[in-house]
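What follows is one structure encoded as structure tokens, with my remarks underneath.
On a predicted model such as this, the values are computed, not experimentally measured, just so you know. Just so it is clear, the values below take in all heavy atoms, side chains as well, and ignore hydrogens, waters and symmetry mates.
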Amino acid sequence: MKPTAAPDFPTGIEWLNIDRPLSVRDLSGRIVLLSFSTFACSNCMRLVPEIRQLEEKYPDLVLIEVHSPGFESGAVTGNFREAVRRTGVDHPVVIDHDHLLWPAFGVRDWPTFVLIDPAGNVVGKTTGEGLYGRLNLNIERIAREFEQRGQLERGRLQSGTAPETAREGGLYQPGKITADNAGMRLFISDSGHHRIIVADGEGKILETIGTGAAGNTDGSFNEAAFYLPEGLVFDEEADILYVADAGNHAIRQVTWPGRRVETIAGTGLLAPSPGEGGPGTGVALNAPWDLALLGGYLYVVMAGFNQVWRMDLATHEIEPYAGSGREALVDGPLEEAAFAGPAGIVTDGEVLYVADSGASAIRRIKRGMVEAFIGHSPEDFGDLDTIARMARIHHPMGIAYREGSLYIADTYNHKIKQFDPGTGWVLTWVGSGDRGYRDGLSGDARLNEPSGLVDFRGLWYIADTGNHTIRVYDPIRHVVSTLTLWK
């Protein structure tokens, strides 16, 4: 895009993680990346690993997050400081209460990223995934050009204040949830706190896996570190919990009774494009988001590759299984089909079902073929309960199975929906469709971007990501309540 002078930050806006308001002039000589995002946006969270990769490669890069109350959830508005604490970000955050910066920079949706060069010009704007690939070369070129001119400031921007730090307790952005029915345990990906919570059905915390600080360390439960863990699946026979450690681009296994965490796939580095596979810990992955067990294999939805992979649990060899790697909604043979940011996977014991979030579709993998059940083009998103070929969902992030039916975390519609493959009907189970937080009768209850769900002892436990809680749906009484975690 043609460079244009960046508009200045308005006076009077609120700043966090820095001791003074910033202006474009203050940032002269620096490469600046503005991140227009929200604290309750699933897509924004998925981009965190790519942002971290840019920050690691370009330590001089100044990242500024821009949040506007009108675009945030009710659970966050008015409590931005606590939200910043829980995310653990250490870069400046702007709270644009009057919604001045979105129109000033021509932003229409989140997440959107605006690149400003050291001369104060807007030189790039992008949105969606693949952020690193689109910005890396541009930042490298800008850094080289302005360093040759002697106009590039080196070193981190001094904040003059300590970053907001997370408080103890509670959940932040819980992504996925699974259960050990025999052992009466729930496993919760407390994604924003980089840990796994183990609780019983009443909410009593039995143990915590991981230090709670972002990292990539194997070891005991007290030593191990995760980074934005997401999908979980529990192997009751082996007493092993498998974790899709999305931010570390790795698959981890958690074992009892030794209470150890071990990496079984991924190098810890993001792979820009899919390879052919190989020994698990020798293969670089890209944003593994959810997991399913079937026939001696661990199946992985690899959101960053737009593919489904599988690992042989006997050998720990991992390889692409379905999807060409192209981002699209294409049915057909495994190697020719295409997905668009798949985020959920489940099995009925014979076939696999995928929540293809970017395509707003539910896909089936059976006998070497991929087929769309719900959603037949990327434009088919919406909110419509009817027979599957006409039904509409919007950015589903989670999927579960019980007694012949699929249950969908219809994330952007803030609902849980039931899909019966036998009859072909899609029906809303939980949620009014309005973003919010409210318990009560299932049709009146309000959720906020639910991302995962599991059937446990006849109740449905829902990772209500945007509300930072676990909700419980009783299908007999048709009532939604909130699970209170306690020690």
Does R310 count as lying over the ring of Y297, i.e. NZ or CZ under 6.0 Å from the six-ring centre, within 45 degrees of the axis? yes
My understanding is that only residues two or more places apart in sequence, or in another chain, count here; which of them pass side chain to side chain donor-acceptor pair (under 3.5 Å) with S324? none
Below 4.5 Å, heavy atoms only, C-beta onward: do F105 and V122 meet side chain to side chain? yes
Under 6.0 Å between ring centres, would you say that holds for H194 and F226? no
For Y407 together with Y401, are the ring centres under 6.0 Å from each other? no
Hey, does the side chain of N306 reach the backbone of G341 with a donor-acceptor pair shorter than 3.5 angstrom? yes
Kindly state whether the ring of F419 and the ring of W425 have centres lying under 6.0 angstrom apart. no
Indicate whether any N or O donor in one side chain lies under 3.5 Å from an N or O acceptor in the other, for N136 and Y58. yes
For the residue pair E65 / H91, report whether a side-chain donor-acceptor contact shorter than 3.5 Å exists. yes
Residues 394-418 vs salt bridge (Lys or Arg N to Asp or Glu O under 4.0 Å), sequence neighbours excluded, gives D383-K415, D383-K417, D385-K417, R402-D455, D410-K417
Tell me, please, which residues at least two apart from T267 pass side chain to side chain donor-acceptor pair (under 3.5 Å). none
Test of ring centre spacing under 6.0 Å for W460 and F456: no
If you define the side chain from C-beta out and look only at heavy atoms, does anything of E317 sit under 4.5 Å from M311? no
Could you pull out all residues at least two apart from Y473 that satisfy ring pair (Phe, Tyr, Trp, His ring centres under 6.0 Å)? W429
What I'd like to find out is whether the side chain of R252 reaches to under 4.5 Å of the side chain of N216, using heavy atoms alone. yes
H468 (side chain) donor-acceptor with Q173 (main chain) under 3.5 angstrom: yes
Heavy-atom count check: over 12 atoms from other residues, nucleotides or ligands less than 6.0 Å from R477 CZ? no
Where at least one partner belongs to residues 318-347, residue pairs that pass ring-ring contact (aromatic ring centres under 6.0 Å, His included), sequence neighbours excluded: Y299-Y321
Mind checking what makes side chain to side chain donor-acceptor pair (under 3.5 Å) contact with E55, not counting sequence neighbours? none
So does D444 pair up with R438, basic N to acidic O under 4.0 Å? no
Using modelled atom types only, decide if a donor and an acceptor are shared between the side chain of T386 and the backbone of M390 within a distance under 3.5 Å. no
Under a 4.0 Å threshold between the charged nitrogen and the carboxylate oxygen, would R435 count as salt-bridged to E449? yes
